[in-house]
Amino acid sequence: MMIVHPLVSVVDDDESVRESLPDLLREFGYSAQVFSSAEEFLSSEYLDRTSCLILDVAMPGMTGPELQEELTRRSYRIPVVFITAQGTESTRPNMLAHGAVECLSKPFSDVALLGALNLAFGVS
Amino acid sequence: MDDNATSPTAVTSRTYLVLSVVVIAIGTFIFDAITPSKFVIAVLYVGVVLLSARFLQTRGIVLVSFGCMALTLLAHFLTPYGDYLETISISNRVISLAAIGVAALLAVQSRSQEMILREQAGLLDLTHDTIFVRDMKDVITYWNRGAEELYGWKKAEAIGRISHHLMHTIFPQPLEAIMGELRRIGRWEGELVHTRKDGTQAIVASRWSLQKDAHDVPVAILETNNDISDRKRAEDALRESERRYRSIFRTAGVSIWEEDFSQIKAAIDELRAQGVEDFRAYFAAHPEFVRKSISCAKVVDVNDATVELFKAQSKDELLHSLDTVFTSETLEAFAGELIAVAEERPHFSAETNLQTLKGDKLTVLFAITFPPRPSRLDRVLVTITDITERKRAEEALHEAQAELAHVTRVTTMNALTSSIAHEVSQPLSAIVSNGYTGLRWLDRQPPNLEGARRKFEQMVGDGHRAGEVIGRVRALLKKTATVRECVDVTELIRDTAAVVHNEMLRNGILLRTELARELPPVVGDRVQVQQVLLNLMMNGIDAMKEVTERPRELWIRSYLDESGAVGVAVQDTGVGLDPNNVDRLFEAFYTTKPEGMGMGLAICHSIIKAHGGRLGASPNQPCGAVFEFSLPPQRDETAPAGNTRPMPVL
């Protein structure tokens with residue numbers, strides 16, 4: 001019997017984040033894939049299967065918001081939860097205004113992450 | 001008479017004269033002795049007496065006449081009477097004797113008159129004045145030595161010539177008019193131009209007097225001339241110099257005031273007579289003297305630049321009193337001027353404020369030059385240079401520097417903290433995520449111990465990574481650190497004080513400095529040390545912003561401590577330190593300011609430590625705080641800077 005878990009993809013250039021987040025996501029009942037850059041994600045087979053994207057804002061090469069734009073351009077409607085290590089007060093409202101589901105400052109709690117995912121998947 | 005009597009040398013003519021006198025005397029005697037006594041031959045002795053008067057003085061003439069009388073008497077006894085009565089012979093002798101006597105008397109008299117005349121003529125030769133006499137046809141009849149010297153012609157060359165032709169006289173008015181005046185009042189005075197024998201011209205002050213005879217008929221003109229060529233030239237030069245000075249004064253681009261300080265000098269001289277010696281102290285104790293002196297300085301003249309600078313309609317508006325352009329701040333500089341007068345200094349200059357007649361404030365540099373002593377100081381020149389714009393630009397520059405220093409401080413701090421925040425947040429984020437996952441796995445039934453263990457391992461790894469970030473920041477700072485150079489702490493304090501000058505003015509804070517003389521240089525990074533000082537001063541200023549109930553003073557002191565290190569103390573009268581937290585002051589992120597990041601003092605601490613010095617803080621009495629740092633002096637002056645051991649950082 002196959003239970004299909006929605007795929008949450010994590011794009012972050014930081015290795016420790018890529019190591020730690022998937023376990024927590026799986027604990028929440030999702031399947032998880034990690035990518036070290038926006039380019040890697042765009043060229044992967046998981047692009048079409050991703051139901052939610054957890055996206056680092058500042059990355060070398062294509063940044064988080066740039067990836068979000070690229071997805072919109074390619075007509076993907078994947079809900080995005082931004083995570084950032086150097087957020088300022090204006091970062092979150094800015095990201096929300098540009099269509100993000102949520103924007104979390106690192107480090108964030110499990111409850112905050114779960115709340116963001118619930119928003120993304122429309123669970124009340 | 002003997003023709004040779006007119007021979008050129010006086011000695012020869014005198015010899016002939018004496019000879020002829022002797023011959024006449026002997027001849028007369030022989031003739032008298034052999035001639036019958038009815039002839040009065042002896043009367044011829046009169047000629048002997050008169051001739052001898054030409055070369056003998058009074059006594060000689062008397063002796064000669066006595067000799068003649070003796071010869072007359074001698075001839076009487078030698079002469080035969082002949083047919084005549086002895087009485088006739090005797091009476092003839094008496095007549096002869098009387099004639100000789102009268103002749104002698106007249107000769108003596110005329111001789112002494114001639115002597116007087118000759119003496120007077122000699123006196124005319126002694127005078128430096130040029131004197132000559134011309135008759136009514138302008139023929140020169142007398143020419144003194146002064147005239148010889150001035151014009152170059154000898155007496156013999158000039159006498160007999162027509163004066164105006166000889167000297168090409170240029171008259172100030174027509175000669176007829178001059179002669180008219182001379183005839184009318186007997187004298188004339190004026191300036192003439194004469195041409196000398198060598199062709200050069202002489203300007204003379206000339207005085208003419210008319211000489212008249214007993215019948216009031218003009219006979220001669222006495223002309224006395226003084227050479228005033230040099231005086232004229234000097235006068236012309238002086239006039240030209242005065243004209244040039246006036247022209248420079250009037251058109252100079254800098255404001256110049258000509259002032260009369262004679263009343264002030266007199267007042268100061270009086271104080272000195274009363275025993276005042278220390279004028280500096282006196283003026284400080286008697287500001288009313290200084291104030292009163294302002295009205296004693298008379299403005300004699302001002303130039304065009306002054307009229308323009310002080311926005312006057314004409315210079316008359318400025319010629320009254322200095323009061324109109326003085327402000328309350330000018331008084332101090334004016335007192336300096338008075339001290340310069342009292343101490344007889346040749347000049348004085350100072351920076352001060354003045355105001356225009358329209359009331360605009362001017363910042364000026366004024367310089368005053370006193371004439372050489374002794375002088376009544378009735379003509380003193382004051383130049384005023386308007387430096388208002390320069391001052392304004394300087395202030396703006398300092399403001400910009402302070403702003404820049406502040407911005408640099410803040411942006412450096414921002415860049416540093418955000419980069420640290422980013423680098424540390426990543427492993428922290430991982431630790432937190434792993435922690436939550438681990439906890440959830442432990443809470444399972446049955447607990448996923450294997451998974452939790454893995455999470456712990458990852459957390460340890462992430463913790464170490466965060467540590468590595470700190471290590472990388474340290475390495476980064478190490479790379480950027482430390483130029484080593486000789487730093488003059490006194491100069492550094494002055495520069496830094498200039499940078500925060502306007503910030504202090506804005507907050508009404510008084511800066512006081514107490515700087516040790518001749519501090520040894522310290523070795524280090526000038527920019528870093530300045531950052532420390534700037535930081536401490538800005539902290540002091542921030543600490544006093546809210547203070548209203550006491551004076552806001554920032555003290556900067558420099559000193560040499562017993563170990564030979566150079567110390568700098570920054571002391572404020574601000575809110576002061578929390579005694580419980582003095583130890584934490586220099587920890588990173590410790591702050592008492594609402595907008596502070598708590599990095600300033602931590603960085604200061606690390607900089608000073610890197611320089612081998614110490615930074616400390618203590619409460620100031622009765623209020624405020626003192627921050628003090630000390631830096632070791634340059635130890636080995638011969639060692640090149642690059643060979644010294646690397647400085648420890650952080």
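Here is the naming used below: chain letters follow the sequence lines, and residue numbers restart at 1 for every chain.
Leu428(B) places none of its side-chain heavy atoms less than 4.5 Å from the side chain of Lys106(A). Using a 4.5 Å cut-off on side-chain heavy atoms (C-beta onward), Glu27(A) and Arg444(B) make contact.
Applying the 6.0 Å contact sphere to CD of Glu15(A) captures no more than 12 heavy atoms from other residues, nucleotides or ligands. Surrounding CZ of Arg454(B) are more than 12 heavy atoms belonging to other residues, nucleotides or ligands, all under 6.0 Å away. Crowding of Phe456(B) atom CZ: a count of heavy atoms from other residues, nucleotides or ligands under 6.0 Å not exceeding 12. The environment of CZ in Arg77(A) is sparse: at most 12 heavy-atom neighbours from other residues, nucleotides or ligands sit within 6.0 Å.
Note that the CG atom of Asp12(A) and the OG atom of Ser429(B) stand 8.0 Å from one another [nearest 0.5 Å]. To the nearest 0.5 angstrom, Trp441(B) atom CH2 is 9.0 Å from Leu24(A) atom CG. The structure places CD1 of Ile83(A) at 8.0 Å from OG of Ser433(B), a figure rounded to the nearest 0.5 Å.
Phe108(A) approaches Tyr436(B) most closely through the heavy-atom pair O-CE1, 3.7 Å. Annotation for Ser20(A) and Thr437(B): closest pair O-OG1, 4.3 Å, computed over non-hydrogen atoms.
Heavy atoms closer than 4.5 Å to chain A are found in both the backbone and the side chain of Asn434(B). Interface remark: Gln426(B) contributes backbone and side-chain atoms alike to the contact with chain A (heavy atom separation under 4.5 Å).
Contact count versus chain B (heavy atoms, under 4.5 Å) is highest, among Val111(A), Asp110(A), Leu113(A), for Asp110(A).
We find that Arg440(B) and Asp23(A) are not joined by a salt bridge, their nearest charged nitrogen and carboxylate oxygen being 4.0 Å or further apart.
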